[in-house]
Amino acid sequence: MTALPFSEAKFPLYLAPMAGVTDKIFRQICKRYGADVLVTEFVSAEGVFRRNERTRAYLDFDDMERPLGVQLFGADAAHMAEAARQVVDWVAPDFIDLNFGCPVKKVVAKNGGSSLLRDCPALANVAESVVQAVAPVPVTAKIRIGWDADSINAPRVAKILEDCGIAALAVHGRTRAQGYSGEADWRIIAEVAQSVALPVIGNGDLCSPEDVMRRRTETNISGAMIGRAAMNAPWIFRQMKYYLSTGHLLAAPALAERWQTITNHCHLHVESWGAEEPAIRSLRSRLMAYSKNFPEAKSLREKFQRVSSIAEVEEIGRGHLARHNGLDVQVMASAA
């Protein structure tokens with residue numbers, strides 16, 4: 001296992017765990033562009049506890065992804081502890097991450113995710129049980145700032161988690177009620193970072209290198225977690241790291257490199273699925289996310305909504321490159 005990087009990297013950049021997005025293929029793309037720490041899509045502790053084979057598939061990762069954490073969600077402390085122990089035995093992640101922030105109804109309905117922000121004794125029981133079950137493997141957690149605007153309690157929750165032995169804490173600056181709307185409240189994230197000694201990773205509305213630099217300067221956060229910005233542009237990690245180290249902006253990759261990344265993603269996804277058409281259809285929303293900030297973004301999104309083969313994606317890329325920068329369109333043919 002690789003240690004958490006706070007003693008090695010001055011300010012690690014995390015790829016946020018995102019259901020349906022941060023699979024092994026996308027994590028590795030982000031790693032190659034400079035992401036320091038990766039976390040799996042959230043995994044049901046009950047699925048692990050019951051040895052569900054589909055759940056096991058979410059745990060797959062390669063050593064090049066380290067340091068990597070497996071994120072678990074659930075509300076039964078005993079089952080969470082046993083699931084964490086099994087995960088450590090099966091795949092030896094570098095850390096276990098506890099999801100106390102997910103706002104999705106089907107998770108909250110089972111008292112998981114951000115629902116536990118309303119039940120601090122249960123949250124503490126889960127955290128303490130998992131920490132004890134997998135020691136000395138580090139356990140981290142991700143929370144939101146509260147359930148709603150009337151019950152913002154992140155500083156209190158952070159102190160509870162610190163006392164339970166949590167090694168690092170990611171804080172998303174929205175309440176559960178907000179979902180992903182409105183603005184992240186970085187004043188609360190700053191308050192959390194000031195109130196505990198453990199490393200606090202800030203998350204929310206970090207869309208550019210300047211955003212990360214500003215929040216690092218204004219708060220006491222020890223790292224940053226990048227979510228939706230990475231969905232649109234995994235190369236954002238390279239740009240952010242360059243800006244943090246030099247104070248200068250690094251341009252986004254040339255269109256040819258961006259298209260190379262997209263088509264490589266398609267090839268690897270098809271290889272993973274073993275069937276081209278369903279694989280590409282399942283990737284449509286991801287392709288539409290990639291098109292943001294591209295020339296002709298709206299037109300590209302419309303085309304990506306209908307693709308069902310790698311050849312179609314490559315043809316769209318060749319045409320787009322030919323129209324916008326005249327770069328060597330042969331790059332598309334070598335994407336595999």
Side-chain angles (χ1 to χ4, degrees), residues 14-22 39-47 69-77 79-80 96-130 139-164 166 168-193 195-196 198 200-207 215 219 221 223-231:
Y14 280 61
L15 171 63
M18 294 177 283
V21 176
T22 51
V39 187
T40 64
E41 300 173 73
F42 67 5
V43 178
S44 165
E46 293 301 317
V70 169
Q71 188 183 79
L72 296 174
F73 75 91
D76 184 308
H79 286 193
M80 284 282 282
I96 295 292
D97 188 59
L98 302 179
N99 184 319
F100 297 136
C102 179
V104 176
K105 287 183 179 179
K106 68 178 182 180
V107 174
V108 170
K110 296 179 180 179
N111 203 31
S114 56
S115 180
L116 285 168
L117 297 175
R118 299 181 295 179
D119 189 345
C120 288
L123 178 143
N125 193 21
V126 168
E128 191 169 21
S129 296
V130 174
V139 179
T140 65
K142 186 180 182 187
I143 66 173
R144 285 182 170 237
I145 59 173
W147 177 256
D148 57 27
D150 296 323
S151 56
I152 291 174
N153 62 348
R156 177 182 170 220
V157 170
K159 191 69 178 76
I160 291 170
L161 292 173
E162 182 178 40
D163 292 343
C164 290
I166 292 297
L169 179 66
V171 183
H172 182 112
R174 290 180 174 84
T175 64
R176 189 271 171 177
Q178 281 182 275
Y180 296 97
S181 64
E183 294 184 0
D185 190 339
W186 277 83
R187 293 172 302 174
I188 302 299
I189 296 176
E191 187 178 339
V192 172
S195 67
V196 291
L198 55 77
V200 171
I201 302 104
N203 175 228
D205 298 341
L206 295 176
C207 302
R215 298 309 186 184
T219 72
I221 56 172
M225 181 173 280
I226 315 302
R228 285 178 288 177
M231 285 176 56

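Only this structure's heavy atoms are used, side chains among them; waters, hydrogens and symmetry mates stay out.
Between Gly20 and Glu41, the closest heavy-atom pair is N-OE1, 2.7 Å. When all heavy atoms of Ala149 and Thr175 are compared, the closest pair comes out as N-CG2, 4.0 Å. Taking all atoms of both residues into account, the shortest heavy-atom contact from Arg228 to Met18 is N-SD, 4.1 Å. Nearest heavy-atom pair, Ile189 versus Gly202, reported as atom, atom and distance to 0.1 Å: CG2-CA, 4.1 Å. Here the closest heavy-atom approach between residue Ala193 and residue Val200 is recorded as CA-CG2, 3.8 Å. Residues Ser195 and Lys159 approach most closely at O-CD, 4.2 Å, considering heavy atoms.
Note that CG of Leu117 and OG of Ser151 are 8.0 Å apart. Values are rounded to the nearest 0.5 Å. In this structure, NE2 on His172 lies 11.5 Å from CD1 on Ile143, to the nearest 0.5 angstrom. Rounded to the nearest 0.5 Å, atoms CD1 (Ile188) and OG1 (Thr219) are 12.5 Å apart. Here the straight-line distance linking atom CE of Met80 with atom OG of Ser44 works out to 9.0 Å at 0.5 Å rounding. Interatomic distance, CZ of Phe42 versus NZ of Lys142, reported as 11.0 Å (0.5 Å rounding). Atom CE of Met231 sits about 14.0 Å away from atom CD1 of Ile226, to the nearest 0.5 Å.
Side-chain contact between Val157 and Phe100 is absent, with no heavy-atom pair separated by less than 4.5 Å. Taking the side chain as every heavy atom from C-beta outward, Leu98 and Ile166 approach each other to under 4.5 Å. Residues Val39 and Thr140 are not in side-chain contact: their nearest non-hydrogen atoms beyond the backbone lie 4.5 Å or more apart. For the pair Val196 and Leu169, the minimum side-chain heavy-atom distance is 4.5 Å or more.
Asn153 places no side-chain N or O within 3.5 Å of a backbone atom of Arg156 that could act as its donor or acceptor partner. For Asn203 (side chain) and Ala170 (main-chain N/O), no donor-acceptor pair under 3.5 Å exists by modelled atom type. In this structure, the side chain of Arg176 does not engage the main chain of Ser115 through any donor-acceptor pair within 3.5 Å. Although no hydrogens or angles enter the test, the distance criterion places a donor-acceptor pair under 3.5 Å between the side chain of Asp97 and the main chain of Ala141. The closest donor-acceptor contact from the side chain of Trp186 to the backbone of Gly204 lies under 3.5 Å.
Salt-bridge check for Asp205 with Arg215: failed, with every basic side-chain N at 4.0 Å or more from each acidic carboxylate O.
Stacking of Arg144 on the aromatic ring of Tyr180 is recorded, both the 6.0 Å distance cut-off and the 45° axial limit being met.
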